[in-house]
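Reading through the structure tokens given below for one structure.
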Amino acid sequence: MPGLLIQTPVTEQSTCAHQECGGDILKPSARTILERCDVQELRELERLRRLGWNEAALQSYYDERRRNADEHGRLAFETQRYYYNAVAQSMHELIAIAGVIPKSGIYDFLVINCLQGGHGSAILQSAPRAFGVGIDPPSEHAEGTFLLDKLDKKLSRRYMRIECDLGTDEHPLFPHIHNFDLVILGGNRLRVHLHPDEKETMLSIPDVLGSARLIGDFIAALAFVQAGGTIVARLSHLEEFPSTHLLYLLDAISDTIVVHKPAFRGSGATRPWFHVVAKGVAATDEHALLKERYLAGLRGLWADLRGEETNASTARGLRFDDLDFVVSTNDILNPKGYLPRLVELGRGIWKTQAQAISGFLAKKGVRVGDV
């Protein structure tokens, strides 16, 4: 199935060739990967992206889509319900494809960034004995209007939602927060709507609050998942920082990794989102120690991103070396290091997105050639 890869050992056979880095700042990107590795799927995706960016007639469409994304919490009820159903369908796909819910079932799960509640709906339908907890930023900052309690009151009785902004608030010890069989990161958008050439010159991620929230989400996931449990994370741009490093982190502490990008209509297949399912997290002593080391590093980084509590100007966005305590960019891009693994994980994701973008551009009258 397009967009899916189950973990397999990295072999020595690869089309990657070693090249020294050029430029002042080394960071993962389509360009730096393609300089080292001939990946047809990523090369085609990058070509199609640039076609879209350079097509002047599409700029108003993209501008409106970005406005809608930034105003997600204020969209009309019918639009919110559309997103609720799309997220639920994506979650049902992951349950079927990646075995998110084992045959033995799950009893407790946590959703960080509930959005409209589609994740919880799918899990509660699939696991009748499960009870869920959701953590969301306060309503004015949430990325969607929570609808589970309105659309399915019966399911909502097994789901408790708590408001807490993991980008600014200390992680509280909620009475119902403990170790969960399953933790879902619903998706925290980093706003980086820039032309690929502009991204190459960035010194850090400009979205300050989004950076802190993303790291806060991962802290909560690692802190609250039980040994041997599952983490489902929704990330963006598999070939770029910080997704490269966060994918490596999950790969390093789990028994099995599955990546998947839904392609059904309404799933946002043209966008760079994809899902990572990490199963058997910290199931061994070695993985458990590594998880704790990463967790300590993330907590230190989160405090640094927030800056001084009394001085908002000291907060900052992610820099490209902030996750070097997990893995360095040199190791990510090393053809004898993690790069072959990253490429194998990414091929299906890039192919699925390229096919979706090609279809979209063709409908808009843009000549795209063959994918």
To the closest 0.5 Å, what do you measure between [atom1] ([X]) and [atom2] ([Y])?
{"X": "L342", "Y": "L42", "atom1": "CG", "atom2": "CG", "answer": "9.0 Å"}
{"X": "Q40", "Y": "W350", "atom1": "CD", "atom2": "CH2", "answer": "12.5 Å"}
{"X": "E286", "Y": "K291", "atom1": "CD", "atom2": "NZ", "answer": "15.0 Å"}
{"X": "I112", "Y": "D136", "atom1": "CD1", "atom2": "CG", "answer": "10.5 Å"}
{"X": "I253", "Y": "T284", "atom1": "CD1", "atom2": "OG1", "answer": "10.0 Å"}
{"X": "I349", "Y": "H260", "atom1": "CD1", "atom2": "NE2", "answer": "7.5 Å"}

> Yes or no on side chain to side chain contact (heavy atoms under 4.5 Å, CB included) for L249 and L222, after CA distance, side-chain angles and deciding distance?
Replying inline: CA-CA 11 Å; L249 183 156; L222 296 184; 4.1 Å; yes

Considering only heavy atoms from C-beta outward, does the side chain of [X] approach that of [Y] to under 4.5 Å?
{"X": "L333", "Y": "I33", "value": "yes"}
{"X": "L185", "Y": "N113", "value": "no"}
{"X": "L151", "Y": "Q116", "value": "no"}
{"X": "E46", "Y": "R43", "value": "no"}
{"X": "L318", "Y": "L301", "value": "yes"}
{"X": "D108", "Y": "F224", "value": "no"}
{"X": "D321", "Y": "T329", "value": "no"}

Sorted by chain and residue number, the side-chain hydrogen bond (donor to acceptor under 3.5 Å, both in side chains) partners of D322 (sequence neighbours excluded) come out as R316

- [ ] Please test T32 against K27 for side chain to side chain contact (heavy atoms under 4.5 Å, CB included), starting from the C-alpha separation and ending with a verdict.
- [x] CA-CA 7 Å; T32 54; K27 53 193 171 190; 5.7 Å; no

With a 4.0 Å cut-off on N to O distance, would you call E239 and R49 a salt bridge? yes

(request) May I ask you to say whether E44 pairs ionically with R47, meaning some side-chain N is under 4.0 Å from a carboxylate O? (result) yes

Check for me, please, whether L34 and V343 land in the same ILVMFWY cluster - side-chain distances under 4.5 Å, paths through other members count.
yes

**Study point:** Main-chain N/O of G117 paired to S121 side chain as donor or acceptor, under 3.5 Å
**Key:** no

Tell me, with the steps shown, if F360 and L48 meet side chain to side chain contact (heavy atoms under 4.5 Å, CB included).
CA-CA 10 Å; F360 164 76; L48 291 167; over 6 Å; no

Hits for ring pair (Phe, Tyr, Trp, His ring centres under 6.0 Å) against Y248, two or more places apart or cross-chain, chain-then-number order -> Y338

Ring pair (Phe, Tyr, Trp, His ring centres under 6.0 Å) filter on H245, not counting sequence neighbours, yields F241

The ring pair (Phe, Tyr, Trp, His ring centres under 6.0 Å) partner of F146 among Y159, Y83, Y84 is Y159

